[in-house]
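Here's the structure we're looking at; comments come further down.
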Amino acid sequence: MADRTVGLVGLGVMGANLARNIESRGHEVCVYNRTTETMRRFLREHAEGHRFRGMETLEELAAALPSPRAIILMVNAGPPVDAVIDALLPFLSPGDILVDGGNSNYQDTEARCARLSGKGIEYLGMGVSGGEEGALRGPSLMPGGSRQAYDHLEPVLRSIAAEADTGPCVAYVGPGGAGHFIKMVHNGIEYADMQLIAEAYDMLRRGYGLEPQRLAEVFSEWNSGELESYLIEITADILRTEDDQGREGLLLDYILDEAGQKGTGRWTTKASMDFAVPTPTITAAVDARALSSPKELRTHASNLLPYRDEIEFGSHETTSQVREALYASKICSYAQGFALIAKASEEMNWGIDLAETARIWKSGCIIRARFLDDVSAAYRIEPKTPNLALTDRFVGEIASRIDSWTEVVVAAMRAGIPVPAMAASLTYLNSLRTRRLPANLIQAQRDYFGAHTYKRIDREGDFHTQWY
Ligand code: 6PG
């Protein structure tokens, strides 16, 4: 592959690691950082024997790059992206390429694509997943926007992306904000995966009384089957890690139980409302983080209301039920995320390939998992399926787990262990498989108080009744 010279703006950890990754694949990288000292430090630490060139101004950066210029922005999402674009524009020429590799909101990316195409700039909004390590060794890349920009940069992107048995984890996602949209949904799914694992852990530890060592073994066992994934793997590691501040026992037990969030999960939930595609498991995961945060309020509530720390409601043998509940819940959460992508793609004319989406998540990213091969295969065979959970590939997997899954959720409810994501997935499935939902009553109520009309099951047309 012919080597390229690319520019990179923003030498935070992700930017620095991505720059090193690009250079390690044989390309020259011209690096710029707003604080020049950060750029100099980067050069001191990494430039010896490597093809990095430090730039002190954006003008210098633009002058150093061959035409068409290709510049990757690795700055914080939001106003900083516009600030860098505006500062760069005077030095760019039509045909030049800008790539936003941050976690930008897809609507911002849509707007930037439109604005910049008017100036002849080829813009790519690229989801980058895999954290610091992924950026350095091979992330999953989700580029969307200018096809021309993608085609030009494809050799570079393929060279730096994670390599899976199905090829490099990068593909052109679609025009406009398509790339950042699927990165956002990836993160929503990431939230759901993490919450589901946390609920399974809570059930096993508080419900079934498993000790940390056994818990670590259970998660390791799970990591060799249908649940095999990065998040299960790191959970097993976490459950083996002793406190690093000299206290006895697991480090995990000393970590404050308030979950943070930067916002991409919340965006997924908002998008699910905007596109009217339910994502209850993802939303439950977002809510669970928010609910965890007022620790004082929860402590107050736990003093007011009956609460048990130790529950023990089953034998250790039933861990397999939790495993089944976790896997079935996971399938439903992916079904929701992919349904959201499908609907957005249709409405926005993005033409997103769902099988490819699953394929590029196979390696490098946080939700990487063996299961994504099955998701990809399911969409290759049934590309127009309205729901992943109902494909031939998954419907049997779900059906065979419904009983265990229900038992786990019911046991959790009885014990007072919150399992919002598992319950949301189960309720999602129960709603899907219910032939006649009480939505008829909702329609009657709407018609009663607002003359909103309803349809009948036995004849065509819209009906209104004088109910009283
Ligand atoms: C990734 C991650 C990464 C980050 C998210 C979530 O794919 O590499 O999704 O983007 O972990 O920003 O962060 P929060 O949990 O703080 O929202």
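Owing to the predicted nature of the structure, the values given are computational and were not obtained by experimental measurement. We count ligands from 1, going down the list as the structure has it; atoms in each ligand are counted the same way.
Each of the atoms 8 (O) of ligand 1 lies under 4.0 Å from some heavy atom of Gly131. Shown in contact with Asn187 at under 4.0 Å from a heavy atom are these atoms of ligand 1, numbered in order with element: 5 (C), 6 (C), 7 (O), 9 (O), 10 (O), 12 (O).
Centroid-to-centroid, the aromatic rings of Tyr201 and Phe219 stay 6.0 Å apart or farther.
Residue contacts with ligand 1 include Gly130, since one or more of its heavy atoms lies under 4.0 Å from the ligand. Assignment of Arg289 to the shell around ligand 1 is supported, since a heavy atom sits closer than 4.0 Å.
Within the 4.0 Å heavy-atom criterion, neither part of Met142 lies near ligand 1.
Of the candidates Glu190, His186, Glu133, it is Glu190 that places a heavy atom closest to atom 9 (O) of ligand 1. The heavy atom nearest to atom 3 (C) of ligand 1, considering only Lys262, Arg266, Lys183, is found in Lys183.
Residue-to-ligand polar distances keep Gln261 apart from ligand 1: every N/O pair is separated by 3.5 Å or more. Checking only distances, Ile366 never comes within under 3.5 Å of ligand 1, N or O to N or O.
Among all non-hydrogen protein atoms, the one lying nearest atom 17 (O) of ligand 1 is Tyr191 OH, 2.5 Å.
Distance check, rounded to the nearest 0.5 Å: CG of Leu43 to CZ of Arg53 gives 11.5 Å.
Using a 4.0 Å cut-off between charged nitrogen and carboxylate oxygen, Arg323 and Glu226 count as a salt-bridge pair.
Between Thr5 and the choices Arg51, Glu28, Arg69, the side chain to side chain donor-acceptor pair (under 3.5 Å) rule is met once, by Glu28.
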